[in-house]
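Take a look at the structure below.
Computed from a predicted model, the values in this text were never measured in an experiment. Below, chain A is the first sequence line, B the second, and so on; all start at residue 1.
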Amino acid sequence: MQANDHLFALVDCNNFYASCEAAFRPDLAGRPILVLSNNDGNVVSLNQAAKDAGFEKFKAWFEYRELAKLKNAAVFSSNYTLYGSMSARVHSIISEYAPSVEDYSIDESFLQIDGFHGDRISWARELRERVKKWTGIGVSVGIGYTKTQAKIANRFAKKLPEGVFDLASQPNPDECLSNVDVQDIWGIGERKADKCGARGISNARQLRDASDAWIKANLGGIVGLRTAWELRGVSCIPIEEVRPDKQEIMNSRSFGRPVEREEELLQAISSYAARACEKLRRQNGRARTVMVRIDTNSFRSQDPQYHESATFTFEEYTSHTPDILAAAERLGRHLFRNGYRYKKAGVMLSDIVDEARRPPSLFLDREEEARKDRMMATIDTINRKLGAGTLRFASAGFRHPWEMRRENLSPRYTTRWEEVLRVKAC
DNA sequence: TCTGGGGTCCTAGGACCC
DNA sequence: TCTGGGGTCCTAGGACCC
């Protein structure tokens with residue numbers, strides 16, 4: 001493959017969660033906005049006013065309560081229903097702008113724009129304006145010969161008022177790369193950055209020019225090589241237009257308060273397992289392995305700690321909630337120890353196959369399986385029509401005192417008629 | 001009192017086979 | 001009799017991402 005054969009753009013929403021909240025609350029203009037993680041644990045998104053007021057991402061919320069009052073900040077619990085639906089709107093607008101688009105994350109899309117030799121800056125500006133006008137969300141656009149370069153370009157775009165940066169048309173790209181810390185490169189985390197630092201490599205230009213042999217030996221083999229080659233302009237990470245089905249499905253949550261009783265812990269495990277099963281069936285998958293893990297709060301060093309997981313493998317692939325719940329509950333009982341304050345539990349389904357491509361089995365009772373499938377299909381249909389959780393399994397319990405805290409939840413403006421925005425005429 | 005959730009890919013190393 | 005070494009599969013764990 002030749003260098004510079006391709007061209008990519010990365011569109012990244014600015015302060016996405018905070019922007020979603022702001023989009024429905026024009027009355028908050030000028031005020032700091034903070035969005036909290038699940039369980040109102042820490043701060044995960046800030047608008048510009050909040051950054052200017054001195055708030056920082058990933059700080060614990062309880063340490064900010066006073067400052068938030070002082071600065072008259074608007075504070076929101078995470079509202080993933082809202083963000084998911086806003087994300088779908090943004091993605092759908094972006095998809096009009098290139099033949100090949102990958103929805104990379106909730107707030108980022110890669111566009112492949114090979115052979116686009118027109119005025120890329122104008123094209124990007126128009127995209128930006130349309131997203132802003134139709135959704136209220138601000139985005140930045142970075143352009144480069146590879147995805148890794150587009151990511152870097154996006155970092156520059158974020159700092160510019162026009163919100164667009166084209167690395168591929170820079171007269172002096174070396175200088176641009178010199179200004180990017182190695183730690184800020186897509187694919188270089190803390191560990192790899194440390195190894196680079198020890199070798200005297202501190203910016204993207206130096207990493208680009210490092211020897212393949214050293215990179216391969218020290219930066220995770222071909223993963224690191226791909227990053228370096230992409231910095232050189234050789235595209236190694238293609239666009240993935242269709243998200244492949246999940247190979248693992250995880251559901252885990254921290255509790256709103258410590259859980260000490262076995263029955264409560266098992267209820268939480270059951271409800272997480274049931275949720276994982278729904279996700280599994282939505283991709284027409286069947287799983288053979290279920291893992292349960294339980295954890296105490298590792299931030300409380302004064303408490304005794306317990307972190308364990310256990311795995312069970314079925315004889316046959318299954319997506320039948322009662323079967324998986326029974327296994328998860330057995331694992332939970334096996335793991336549970338008295339005398340600990342549990343903070344978190346999780347259930348993971350793995351060894352997943354597509355229903356249509358499942359290996360044949362000699363022992364499977366086809367009739368029994370068909371009956372189970374009908375039962376699950378009925379439950380899924382009812383829950384889709386009447387709302388998630390309309391039909392539930394009794395083992396998940398009915399009162400959930402351990403459920404996460406979401407004390408500042410905004411309405412689900414875009415997905416619930418009861419919570420849609422009201423406009424008053426004066 | 002209070003510190004997120006959900007993934008992916010890769011490598012290393014052991015077991016096993018021929 | 002040959003007791004080496006290459007291939008493959010699996011799993012655990014590391015590292016990274018948003």
Side-chain angles (χ1 to χ4, degrees), chain A residues 10 12-13 15-17 34-45 56-66 68 75-80 83-84 87 102-110 147-148 151 154 182-196 215-227 236-238 240 243-258 272 275-276 279-280 283 288-289 291 293 295-303 309-311 313 341 343-352 402 404-408:
Chain A
L10 175 68
D12 189 326
C13 298
N15 313 324
F16 183 58
Y17 298 169
L34 279 65
V35 180
L36 309 180
S37 66
N38 273 333
N39 235 1
D40 294 347
N42 50 34
V43 178
V44 294
S45 183
E56 284 174 42
K57 224 167 153 176
F58 301 124
K59 287 277 172 69
W61 160 232
F62 71 89
E63 292 175 2
Y64 270 156
R65 277 182 194 274
E66 287 308 309
V75 181
F76 296 94
S77 303
S78 285
N79 185 344
Y80 288 104
Y83 311 148
S87 170
E102 170 182 351
D103 295 339
Y104 173 66
S105 76
I106 195 162
D107 66 344
E108 286 169 276
S109 298
F110 281 109
K147 284 177 151 184
T148 304
K151 275 274 203 182
N154 200 283
V182 77
Q183 165 104 260
D184 293 332
I185 301 169
W186 190 42
I188 304 295
E190 211 183 329
R191 292 305 182 87
K192 290 182 185 176
D194 285 349
K195 288 199 174 158
C196 287
I215 292 166
K216 187 166 187 209
N218 293 279
L219 300 184
I222 69 163
V223 185
L225 272 182
R226 275 204 283 257
T227 299
C236 305
I237 308 172
E240 270 186 8
R243 270 287 121 129
D245 286 336
K246 306 279 181 236
Q247 300 171 35
E248 296 171 338
I249 290 172
M250 166 88 106
N251 201 248
S252 80
R253 286 279 180 287
S254 295
F255 305 131
R257 63 155 172 76
Y272 302 163
R275 180 80 191 104
K279 293 189 202 169
L280 177 66
Q283 68 171 44
R288 214 163 69 110
T289 299
M291 184 206 75
R293 64 168 305 125
D295 294 281
T296 50
N297 186 349
S298 42
F299 285 96
R300 290 184 60 86
S301 49
Q302 67 272 38
D303 286 357
S309 69
T311 296
T313 300
R341 293 154 60 82
K343 177 61 181 168
K344 184 176 177 177
V347 175
M348 185 166 85
L349 304 177
S350 58
D351 196 352
I352 292 172
W402 36 267
M404 64 179 176
R405 278 187 306 275
R406 300 168 92 187
E407 288 167 0
N408 307 286

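A close approach under 4.0 Å does occur between a side-chain nitrogen or oxygen of A:Arg300 and OP1 or OP2 of B:dC2. In terms of phosphate contacts, A:Ser254 brings a side-chain nitrogen or oxygen within less than 4.0 Å of OP1 or OP2 of B:dG5. Distances shorter than 4.0 Å separate none of the side-chain N or O atoms of A:Ser37 from OP1 or OP2 on B:dG5. OP1 and OP2 of B:dC2 both lie 4.0 Å or more from every side-chain N or O belonging to A:Arg257. OP1 or OP2 of B:dG6 sits under 4.0 Å from a side-chain N or O of A:Asn251. An OP1 or OP2 oxygen of B:dG6 is reached within less than 4.0 angstrom by a side-chain nitrogen or oxygen of A:Arg253. For A:Lys192, no side-chain nitrogen or oxygen approaches OP1 or OP2 of C:dG14 to under 4.0 Å.
Between A:Arg341 and A:Lys246, it is A:Arg341 whose nearest contact on DNA chain B lies nearer the 5' terminus. Positionally, the nearest nucleotide of DNA chain B for A:Tyr80 lies more toward the 5' end than for the other of A:Tyr80 and A:Ile222.
For A:Arg405, taking side-chain heavy atoms from C-beta onward, the closest of the listed nucleotides C:dC18, B:dC2, B:dG5 is B:dC2. When distances are taken from the side chain of A:Lys279 to each of B:dC2, B:dG7, B:dG4, the shortest belongs to B:dG7. The side chain of A:Asn297 sits closest to B:dT3 out of B:dT3, C:dC18, B:dC9.
Rounding to the nearest 0.5 Å places CH2 of A:Trp61 at 12.0 Å from CG of A:Asn42.
A donor-acceptor pair is defined here as one N or O able to donate and one able to accept, closer than 3.5 Å; such a pair exists between the side chain of A:Lys343 and the backbone of A:Phe255.
Across the P atoms, C:dC18 and B:dT3 are found 25 Å apart, a figure rounded to whole Å.
To the nearest angstrom, C1' of B:dG7 lies 16 Å from CG of A:Asp103.
Across all strands, A:Arg226 comes closer than 4.0 Å only to sugar-phosphate atoms, never to a base (heavy-atom distances).
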